[in-house]
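Treat the numbers as computed from the prediction; the structure is a model and nothing was measured.
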Amino acid sequence: MNLLPLAALRAAFSGRLCTDAGDMSAFLTDWRGKWTGRAIAVAQPDTAHDVAAVLRWCQQHRVPVVPQGGNTGLSGGATPDVSGAALVLSLTRLNRVRRIDAVNNTIEAEAGVTLQQLQDAARDAGRLFPLSLAAQGSCTIGGNLATNAGGVQVLRYGNARELCLGLEVVTPQGELWNGLRGLRKDNTGYALRDLYIGSEGTLGVITAAVLKLHPLPAAQVAAFVAVPSPEAALQLLELAQLRLGAGLTAFELMSDICLGLVEQHVAAARRPLSEPSPWYVLLELSDAQDDAHATAAIEGLLEAALARELATDAAISASLAQFKSLWALREDISEAQGAQGKTIKHDIALPLSRIPAFIAATDAAIARTFPEVRMVVFGHLGDGNLHYNVSPAAGPSGPGHEAAFVALEAGVNRLVHDAVAAQGGSISAEHGLGVLRRDESARYKPEVELRLMRAIKAALDPHGLMNPGKVLAIDAGEST
Ligand SMILES: Cc1cc2nc3c(=O)[nH]c(=O)nc-3n(C[C@H](O)[C@H](O)[C@H](O)COP(=O)(O)OP(=O)(O)OC[C@H]3O[C@@H](n4cnc5c(N)ncnc54)[C@H](O)[C@@H]3O)c2cc1C
C-alpha cells in the first residue's frame with residue numbers, strides 16, 4: 001500500500017497528477033520499447049514554480065524523481081526503474097515560448113516546448129533555430145538540453161550546448177534558479193549552465209532556456225554524392241569547407257546498405273543516382289543570396305570533386321520537393337532499420353582523421369569475430385559522429401535467429417567500444433548515457449573523472465533523488 005501523502009502533493013501545484021495505471025503507461029516505456037518501469041505517479045506541472053513545489057515534496061518524502069520531456073531519448077534516461085518508488089515529472093505542460101528578442105537574436109522558451117514549435121516560432125520572427133533532428137515533432141527543448149542533443153546541423157551551428165545562452169533550473173531541494181541570461185559573454189564564475197546541459201536530469205530540472213537564433217538562409221540546396229570510400233568522403237568534406245565556408249550546413253555519410261534498406265522499406269524512396277556506389281554523402285549548402293547562387297556554388301564544388309576522383313556521380317536538388325526527398329533518404333534510415341528487424345546500435349564519435357582507419361579495421365574485426373552480421377553505417381561525418389550499427393547478415397530469419405543475434409550484443413559492443421576508446425573516441429556522441437551506456441562509459445573513463453562526477457552529483461543532490469541510476473550507477477553509500 002502506498003503511504004505517501006499524494007493528496008498533499010496534489011494540493012501543492014497546479015497541473016495534472018496521474019496515478020491511474022492506464023493514464024501513466026505512456027510515460028513508463030521509452031520510445032524504442034526497450035525499457036518499461038513503474039512509478040508512484042506522473043506529475044505534469046504547469047509552471048516552473050509548480051515544478052519547484054513538486055521537487056520540495058519529493059525532497060521532504062525522499063521520493064526519487066525522473067524528469068521527462070518528449071520521451072524520445074534513446075538511452076533509457078527518461079524511464080523510471082521497476083521498483084515503483086519514483087515520481088515521473090513530465091515537463092510537457094510548460095509549453096510557452098516566452099519571448100523573442102530579434103535584435104539580440106535570442107528566444108526564451110519553457111522546457112516543454114517541442115523543438116518543432118521552437119523552430120516555427122523562430123521562423124515566424126524571421127530567424128532560424130538550427131537544432132534539427134528526426135524526433136523534433138515530439139522532443140522538447142528541456143530534453144534537448146538535458147541530453148545535449150546534436151542532429152544534422154551541428155557542423156555549422158553546434159549542438160544544443162552551443163545554442164544555449166541561459167537556463168532556468170529547479171534544484172532537487174526545490175529552489176528556482178533564474179539563469180536566463182541572453183549574454184554571449186559572461187565570465188562571472190562557474191559555468192552552472194554547462195553543468196546542467198547534458199546532465200540527463202541527474203542534477204536538477206530545466207524549466208526554461210534562452211537560446212541563440214541565426215539569420216534564416218535565403219536558399220538551401222542539397223547534393224547527394226556517390227563517393228568511393230570514407231577517405232574520399234573526408235577529402236570531399238575538406239574541399240567543401242574550403243569552397244563553401246560557413247555555407248556548408250550539413251555533411252552526412254551513409255553506406256549503400258543503408259540506401260538499400262530505405263529503398264526496401266520506405267515506399268516513396270527512390271535512388272537518386274543510376275549506378276550504385278559503396279558510399280554516399282548528403283551535403284547541404286545554406287546560402288544568403290538565392291537558389292541560383294547556391295546551385296552554382298555546389299556545381300563548382302562537385303566539378304572539382306569529380307576531377308579529383310573524390311566523387312563518381314551526384315544529384316543536386318532543384319526544388320524544395322527534391323531537397324526534402326534527398327534528406328528523407330538519410331532521415332529514414334533508422335525507420336528502415338527498425339522495419340528490417342533487430343539492430344545493435346552504436347552512437348560513437350571519433351577524431352575525423354581517424355574515421356577511415358576505424359571503419360576499415362573495425363569492420364574487418366567484426367567480420368572475423370561475428371560472421372553472421374553485417375554493418376549498417378551512417379552518420380554526421382562532418383561532426384565525427386557515426387551511427388555504427390550492426391544487423392543480422394542476409395539469410396534465414398525467424399525467432400531463433402533473432403534470439404541468436406541479440407545474444408551477440410555484449411560481445412559486439414565490447415569490440416566496437418574498445419576500438420572507439422583505442423582511437424580516442426566517445427561511446428556516446430549525442431544520445432547520452434542514461435542506463436544504456438552508463439556502465440560501459442565507466443569502464444572507459446579515468447577514475448579521477450568519475451570521482452569528480454560523483455562529487456558534483458553528491459554536492460547538488462546529496463540524497464540521490466534526481467534520476468537515480470542514470471549516467472552514474474547508484475553509489476553503495478547513497479540512500480534516498
Ligand atoms: C527518430 C529519432 C531520431 C533522433 N535523432 C536524434 C539526433 O539526430 N540527434 C540527437 O542528439 N538525438 C536524437 N534522438 C534522441 C532524442 O530525440 C534526443 O535525445 C532528445 O534530445 C530527447 O528529448 P526529449 O524531450 O524527448 O527527452 P526525454 O527522452 O524525455 O528525456 C531524455 C533525458 O533528458 C532528461 N530530461 C528531459 N527533460 C528534462 C528537463 N526539462 N530537465 C532535466 N532533465 C530532463 C530525462 O530525464 C532523460 O534523462 C532521436 C530520437 C528519435 C526517436
Side-chain angles (χ1 to χ4, degrees), residues 134 152 219-241 243-244 247-287 291-340 355-356 359-360 363 374-382 386-389 391 393-395:
V152 292
Q220 285 187 302
V221 175
F224 195 86
V225 190
V227 294
S229 62
E231 288 91 334
L234 266 188
Q235 288 173 39
L236 177 62
L237 172 63
E238 198 180 344
L239 188 65
Q241 284 174 321
R243 294 183 71 116
L244 307 178
L248 182 68
T249 40
F251 196 94
E252 301 286 307
L253 178 75
M254 71 185 87
S255 69
D256 192 53
I257 290 176
C258 300
L259 191 61
L261 284 175
V262 174
E263 198 181 19
Q264 189 182 342
H265 293 288
V266 181
R270 298 282 171 274
R271 279 180 177 264
L273 304 173
S274 50
E275 294 296 322
S277 163
W279 295 92
Y280 306 94
V281 161
L282 176 68
L283 63 88
E284 178 190 90
L285 170 66
S286 298
D287 191 277
D291 284 333
H293 188 259
T295 304
I298 284 218
E299 282 172 352
L301 167 70
L302 293 175
E303 273 168 31
L306 288 164
R308 292 180 202 189
E309 298 181 352
L310 302 180
T312 52
D313 198 4
I316 302 176
S317 65
S319 63
L320 183 60
Q322 286 182 7
F323 178 83
K324 286 185 176 167
S325 65
L326 289 183
W327 263 112
L329 295 172
R330 164 64 183 84
E331 280 165 353
D332 289 341
I333 296 173
S334 294
E335 185 192 322
Q337 261 198 300
Q340 181 77 7
I355 285 180
I359 293 178
D363 278 11
R374 67 175 178 168
M375 303 310 302
V376 181
V377 179
F378 60 100
H380 315 297
L381 183 67
L386 293 180
H387 299 308
Y388 190 74
N389 295 345
S391 292

Practice problem: Given side chain to side chain contact (heavy atoms under 4.5 Å, CB included), test L329 with Y280 step by step and report yes or no. | Solution: CA-CA 11 Å; L329 295 172; Y280 306 94; over 6 Å; no

Distance in Å, [X] [atom1] paired with [Y] [atom2], rounded so as to fall on 0.5 Å steps:
| X | Y | atom1 | atom2 | value |
| --- | --- | --- | --- | --- |
| N389 | S334 | CG | OG | 7.5 Å |
| L259 | I333 | CG | CD1 | 8.0 Å |
| S391 | L261 | OG | CG | 6.5 Å |
| L386 | I355 | CG | CD1 | 4.5 Å |
| I316 | L302 | CD1 | CG | 5.0 Å |
| L285 | L244 | CG | CG | 5.0 Å |

Quiz item: Under a 4.5 Å cut-off applied to non-hydrogen side-chain atoms, are W279 and I359 in contact?
Solution: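 Touching, per the 4.5 Å side-chain cut-off.
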
Quiz item: With sequence neighbours left out, what residues match H387 under ring-ring contact (aromatic ring centres under 6.0 Å, His included)?
Solution: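 Expected list: F378, H380, H431.
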
Quiz item: Got a sec, which residues hit ring-ring contact (aromatic ring centres under 6.0 Å, His included) with F251, two or more places apart in sequence or on another chain?
Solution: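 F251 satisfies ring-ring contact (aromatic ring centres under 6.0 Å, His included) with no other residue.
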
Quiz item: Can L301 and L283 be said to form a side chain to side chain contact (heavy atoms under 4.5 Å, CB included), step by step?
Solution: CA-CA 11 Å; L301 167 70; L283 63 88; 4.0 Å; yes

Exercise. For the pair L239 and L310, evaluate side chain to side chain contact (heavy atoms under 4.5 Å, CB included) and give the outcome as yes or no after the intermediate values.
Key: CA-CA 10 Å; L239 188 65; L310 302 180; 4.3 Å; yes

What's the shortest heavy-atom distance between [X] and [Y], and which atoms?
| X | Y | value |
| --- | --- | --- |
| P278 | P228 | CG-O, 3.4 Å |
| A314 | L273 | C-CD2, 3.5 Å |
| L326 | A315 | CD1-O, 4.1 Å |
| A311 | L306 | O-CD2, 3.3 Å |
| H265 | A336 | CD2-O, 3.5 Å |

Quiz item: Can you list the residues that meet the salt bridge (Lys or Arg N to Asp or Glu O under 4.0 Å) rule with D256, with sequence neighbours excluded?
Solution: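 Per chain and number, D256 pairs via salt bridge (Lys or Arg N to Asp or Glu O under 4.0 Å) with R271.
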
Self-check item: Any pair counted as salt bridge (charged side-chain N to carboxylate O under 4.0 Å, His left out), so long as it reaches residues 299-315, sequence neighbours left out
Solution: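 Listed once each, the pairs would be none.
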
Self-check item: Pair listing, salt bridge (charged side-chain N to carboxylate O under 4.0 Å, His left out) test, anchored in residues 328-338, at least two apart
Solution: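 Checked against salt bridge (charged side-chain N to carboxylate O under 4.0 Å, His left out) - neighbours excluded - the pairs reaching residues 328-338 are E252-R330.
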
Self-check item: Over 12 non-hydrogen atoms of neighbours within 6.0 angstrom of CD in Q264
Solution: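 Yes, the 6.0 Å shell around CD holds more than 12 heavy atoms from other groups.
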
Self-check item: Where at least one partner belongs to residues 314-327, residue pairs that pass side chain to side chain donor-acceptor pair (under 3.5 Å), sequence neighbours excluded
Solution: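 Output for this query lists E284-W327.
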
Quiz item: Can any side-chain N or O of Y388 pair as donor or acceptor with the backbone N or O of M375 at less than 3.5 Å?
Solution: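 Not a single qualifying donor-acceptor pair exists.
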
Practice problem: Please check if the side chain of S277 supplies one atom and the backbone of V227 the other of a donor-acceptor pair under 3.5 Å. | Solution: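 Yes, S277 side chain to V227 backbone: donor-acceptor pair under 3.5 Å.
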
Exercise. Begin from the C-alpha positions of L237 and L248 and carry the test side chain to side chain contact (heavy atoms under 4.5 Å, CB included) through to its verdict.
Key: CA-CA 9 Å; L237 172 63; L248 182 68; 3.9 Å; yes

